[in-house]
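Heads up: the structure comes next, in structure tokens.
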Amino acid sequence: NSDWPRDPLFPQFREIFSAQGGRSLLVAGLCTQEKLHGALILGSRQVRNFRPDEIRLTVAIGNQMAVAIENRSLHKTAERHDDDLRVLHRVVESLSATFDLQVQMQTLQRELRSFLGTANLSLVFQESQDGPYVTVRGAAPDAPDNGHSRDSVDGLAKYVLDSGTPLLIGQDFLNTVRRLGIPSVDPRVMSWAGVPIHFSDQTRGVLTITDYEHEGKISGRRFGLLKVLAGEVAVAIENGRLFRQEQKRAGHLALLNELSRKATAVLDPHELLENICRQLRESFSFDLVRVEAIDRNKEELVVAAQDGYGPNIVGRRTKVGQGFAGIVAESHEPFLSNDVLSSDRYLPYHPGVRSALHLPMKYRDEMLAVLSIESLRPNSFSQQDLLTLRTLADQLAIALKNAQAYQVAQEHAITDSLTSLKTHRFLMQAVDAEWRRSPRSGRHFSLIIMDLDSFKHLNERQGHLEGDK
């Protein structure tokens, strides 16, 4: 080939060839369909001119060798393809065997150990659209377990999420991430690859491979398999997420039924509201729960019960329309904020609150109270939480209305409608209760009775109605 003398490697090759005593050289390229596999080199220590038949024979042998090399390459490629298919088949079976994401990632790491070598598999994804990114790692005994590792994955994963394209850094890791402007990387990382994942609910994630020991080990083949795995992992996460949502929903429905049953058994409104706050916080592991009743005479909300805040907030008043709870009291609609600090309308009842859910407690069109649930962590509430707890708030509103109606009926039963004084029945019950309490408490018990002389004549002259007055 007349171009060879201009090749940068040719002078080195000629020097080595001459050092071995070579004087004549015949080179035939090993090519198939314009793909060069190498060269067949025939050398002689004597100066000679190769005959045309020798050249044709060399070229023919080179062609046969090129075909054999390409067949071998195709065979190896087919073998690798079969291996990849077997790996994918095992992975799909393993992923479908469990809905636990941590177990799935550990299974992936184990199944791909021969394929990944010293590289470590991890997944960064969102549980909800507004939620933070969560990192789940495969089981890798030699993976660094410190803040640097998490930061480097997060920084690189963010780059993939923002760009929406896969990223492979096989060599010169630090210079490459510096050139790309990626912050927070672990200098011990030798090579990294990440593939974006998109879910049906518009949330996103990144499946990554990180190698802390070898540079250039994450090859194009591994990168290609990672892209295929990303699709399988997305399906597995979707299935696992749906399963966990159904489990959570079933658990919430069971809790709703239990809380509603307990609420209907309590007929004292104050006791009912205290039980609601305590049981909600215990059952759902909420940080803070309070109920604010509506004072219609003053158009104010007043804290009637709480759990988690401390008793000092009971009785605190705010105007309807002020704060998130006031917005709910005014609009009769729930209010959800996963970042309360971003709003200037938020009224703090606890300094550490970061997200809040406020729900109306309505009986038909009558607004009774506002149920407020707050968390010390941002992005704590989902739309599913809102739907579930709104159903609970409606049930609790019915229980509260029943308790208030019972209290009113009880008050009417022991109060005279004309004089607003307690009835004879209430007097006898009170006397009996005090009579029994006196020996237990050691206090004296006295009963004072007054009689009006000649009151009978007033009833006879004026009538019993006037006498009652």
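What you are looking at is a predicted structure, and each value in this text was computed from that prediction instead of being measured.
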Looking only at side chains, do Asp385 and Thr388 share a donor and an acceptor under 3.5 Å apart? no
What is the ring orientation for Tyr346 with Phe324, classed by angle as parallel under 30°, tilted 30 to 60°, or perpendicular over 60°? tilted
Assess the pair Trp192 and Phe173: is the distance between their ring centroids shorter than 6.0 Å? no
Ignoring hydrogens and geometry, is there a side-chain-to-backbone donor-acceptor pair from Asn120 to Asp211 under 3.5 Å? no
Out of Arg377, Arg354, Arg281, which residue meets the salt bridge (charged side-chain N to carboxylate O under 4.0 Å, His left out) rule with Asp287? Arg377
Under 3.5 Å, side chain of Ser342 to main-chain N/O of Asp339, donor-acceptor pair present? yes
Quick one: does Arg345's side chain have a donor or acceptor within less than 3.5 Å of a partner on Gly321's backbone? yes
Does Tyr349 have Arg290 sitting over its ring (NZ/CZ under 6.0 Å from centre, angle to axis within 45°)? yes
Asn175 (side chain) donor-acceptor with Asp172 (main chain) under 3.5 angstrom: no
Consider side-chain contact (heavy atoms from CB on, under 4.5 Å). Of Leu357, Leu389, Asp307, which one does Phe286 pass it with? Leu389
Does Ser191 reach the main-chain N or O of His214 with its side chain, forming a donor-acceptor pair under 3.5 Å? yes
So, Ser438 side chain and Glu434 main chain: donor-acceptor pair closer than 3.5 Å or not? no
